[in-house]
There are 2 protein chains.
Amino acid sequence: MASKVTIYDIAREASVGIGTVSRVLNNHPGVTPETRKRVKDVAIRLDYQPHTYARRLARRQSETISAIIPFFTNYFFIEVLQGVQDKISQLGYDLVLYGVNNIDQVDSYISRALQRGKVDGILFFSMRLPERMVPRLKETKLPMVLVDTLSPEFDSISVANAEGAYAATTHLIELGHRSVGMVNAQLVSAPAVERLQGYKRALESHGISYSESLVKTGANNKADGFNREAGYEAIMEFINNGSEMPKAFFVSSDIQAMGVIAALSENGFRVPEDVAVVGFDDIELARHIKLTTMRQPMYQMGVLAIERLVTRMSNPDMEILHTTFSPTLIVRESCGALRRNQN
Amino acid sequence: MASKVTIYDIAREASVGIGTVSRVLNNHPGVTPETRKRVKDVAIRLDYQPHTYARRLARRQSETISAIIPFFTNYFFIEVLQGVQDKISQLGYDLVLYGVNNIDQVDSYISRALQRGKVDGILFFSMRLPERMVPRLKETKLPMVLVDTLSPEFDSISVANAEGAYAATTHLIELGHRSVGMVNAQLVSAPAVERLQGYKRALESHGISYSESLVKTGANNKADGFNREAGYEAIMEFINNGSEMPKAFFVSSDIQAMGVIAALSENGFRVPEDVAVVGFDDIELARHIKLTTMRQPMYQMGVLAIERLVTRMSNPDMEILHTTFSPTLIVRESCGALRRNQN
DNA sequence: CACTTGTTTGGAAGTGCTTCCAAAAGTTGT
DNA sequence: ACAACTTTTGGAAGCACTTCCAAACAAGTG
């Protein structure tokens, strides 16, 4: 029975008061080394385990952080989560996970995280923060950092989406393409909007005029459109329209790019010979399929998110900080650059 | 300031005792409808939020389940986790996640989960349960269910690995292959061992003799070997050995199969024309790459895992239950069956 | 109407910690 | 040896609940 040993038991066995026991257990000063050792020995002998919730109640802090994270955008978040987990357990916090499978669970998860005293901070991922929750969040003063999404009111860690899209598109243009299409996700997603902007700017700076007909978002796709099906459908729209297929595509995520490539090859277009493709994210699988893409430093973003949150917790009045990482271009085969060089 | 409203405030405002407030808030019987309404109204007016940890302390239960899950085996667990999350939040529990990036974190995470009163139950995923932890786990009587791994001492939800491997291998044999290789993960992993057995049995029942030289595990691979690199390396071993390439492979996971296919095609073997490949898991990407594979019902496994855990919690003396799902064969292009039929 | 039975209510005690304050013990200086 | 500090210690109070017991009240009975 490793069960119910409390500080009172330790106090009795060690012939000290509970205050002293508490001080020893928390490494507080003002206890003589002898007493300290005696108490520690008893604690070990009795296999004492502190009661987490009693401690949290008394200390008025929870030692936990909750993460609200879309489960439907699998491949990005899982890599960020690794960074989060490493950092968080290094700091001794607990991670309570609210995995959103369906977008309207968001409000209720935020509410749960907001329960008095429940968590010390929130990480909110990849989704648009519902406007109507902002006042409540502000009011409770709960530290929160946004990852892969933005709001002027909260700290955030994100990637320079426009810049990345600009670089990707430019890469394609510099490879000699004048007709560059884009496969985008739904514009409800902030990153999708920014990536579209970057794409447009790249065309513009190279004197190519923007044509709406070259930008497609697979219709009828679940959630935010950052998924394989959406990419597939987007290409099928070109094919079904009978409109001419661009010779190059910037695709707003790697996972969509998989669908794009599948649709292209099913319809007789070789990648990169007939159509060049550049993705975004650099998920683990991008390497496997030799996709040229914009790398987001996902693991580091996770680590930094926790660091930022902890800083904010111990320093609530700090100015709001937005950190953006610059994505880097990873050249693989799908853009055709390598083959070209070999000629 | 939505902050510090306690039941005492409500009691005062509603001119009742704290006992009554508690009864109303918890829907306990023995309060007249009028009083009940009055208290409820006050609670709403003051925007009362119960303090999670005070409640957990007093009730002596945590409303929390923790999941210890390998982050390095990405694609399987993420789908299971969706089922877990849906069921868990439907029941009103919290999920605290211990993501294992490195195998020797396991002990410390188990210890954390074991802290007195901290969680009501544990889900342990995909990893071999360390033998040395078993006595402690038994002693604390904390309900635990294993998912995708086994131990006679605890409930488990898993997949009939041997059976699945048997079916996959048999499928290949029935397609006419007499030389069927296997790419396996490290034998430290229980599923890997079972899948090897199923493979052997399939050969045996079809009168094909087992040859050790046809089974490879990529050496030098991180963690348990269920990753793309390991698959890639396994094939490279065949190539570097100069040994003859089998005409068909059963691969112990889809993610390894991706590596296998990459290695094959880099070395001039077409899939499925030259070498047929069958995987295991049916992760989302298997569809994208048209991989024939054994499907594990991952989402359902997650749901069932929570259901089992909850049952066990309310019924500690129930007999230990091992549930195995049968994987089903999903035929796509990588095994060559479809093409063959078209002839 | 007195008595029993049943329902509703208040609040003390308990949950296991931390923290603060005052008392006890120890040190130093003269 | 005593005053004046300083260090160490014990334990009450507080954290925000639940639960139990007894008191108060209401209703029913002959």
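To find a chain, count down the sequence lines: A is the first, B the second, and so on, and within it residues start at 1.
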Between B/F154 and B/F124, is the gap from one ring center to the other below 6.0 Å?
no
Tell me whether the OP1 or OP2 atom of C/dT18 has a side-chain N or O from A/S22 closer than 4.0 Å.
yes
Interatomic distance where CG belongs to A/N26 and P belongs to D/dT9 [whole Å]
16 Å
To the nearest Å, how far apart are B/Q49 CD and D/dC17 C1'?
15 Å
Here's a test of your reading of the structure: between A/P50 and B/A58, which maps to the more 5' nucleotide of DNA chain C?
B/A58
How do B/R23 and A/H28 order along DNA chain C: which one's closest nucleotide is nearer the 5' end?
B/R23
A/I18 side chain: which of D/dT9, D/dA12, D/dC17 is closest?
D/dA12
Heavy-atom closest pair, residues B/R112 and B/Y98
CB-OH, 3.9 Å
Nucleotide nearest A/R59 when distance is taken to its side chain, options C/dG16, D/dC17, C/dT18
C/dT18
Taking for A/G19 and for B/V21 the nucleotide of DNA chain D with the nearest heavy atom, the one nearer the 5' end belongs to A/G19
Nearest-Å distance, CD (A/Q61) to P (D/dA16)?
14 Å
Atom CZ of B/R12 and atom C1' of C/dG11: how far apart are they, to the nearest Å?
15 Å
Counting side-chain heavy atoms from C-beta on, which of C/dG16, D/dA16, D/dT9 comes nearest to B/H51?
D/dA16
In terms of side-chain geometry, is the basic nitrogen of B/R38 or B/D41 positioned less than 4.0 Å from the acidic oxygen of its partner?
no
Pair B/D94 + A/K118: basic N to acidic O under 4.0 Å
yes
B/I7 CD1 - C/dG11 C1' separation (whole Å)
11 Å
Rounded to whole Å, how long is the line connecting atom OH of B/Y8 with atom P of C/dG10?
14 Å
For B/L25 and D/dC17, give me the distance from atom CG to atom C1', rounded to whole Å.
10 Å
Residue B/T6, side-chain atoms from C-beta onward, closest of D/dA16, C/dT18, D/dT18:
D/dA16
Just N and O in the side chain of A/Y48: are any of them under 4.0 Å from OP1 or OP2 of C/dC17?
yes
Do B/D47 and A/R116 sit within salt-bridge range, that is, some charged N less than 4.0 Å from a carboxylate O?
no
Check the phosphate of C/dT18 against A/R55, side-chain N and O only, distance under 4.0 Å to OP1 or OP2. Yes or no?
yes
State whether A/T35 places a side-chain N or O below 4.0 Å from either non-bridging phosphate oxygen (OP1 or OP2) of D/dT9.
yes
Closest to side chain of B/R116, choosing from C/dG16, D/dC17, D/dG11
C/dG16
For the side chain of A/T20, counting heavy atoms from C-beta on, which of D/dT9, C/dC17, C/dT9 is nearest?
D/dT9
I'd like to know if A/D107 and A/R136 make a salt bridge, using a cut-off of under 4.0 Å between side-chain N and carboxylate O.
no
What contact category does A/T52 fall into here, base, sugar-phosphate, or nothing, at under 4.0 angstrom with non-hydrogen atoms?
nothing
Taken to the nearest whole Å, CD1/B/I10 to P/C/dG11 is 16 Å
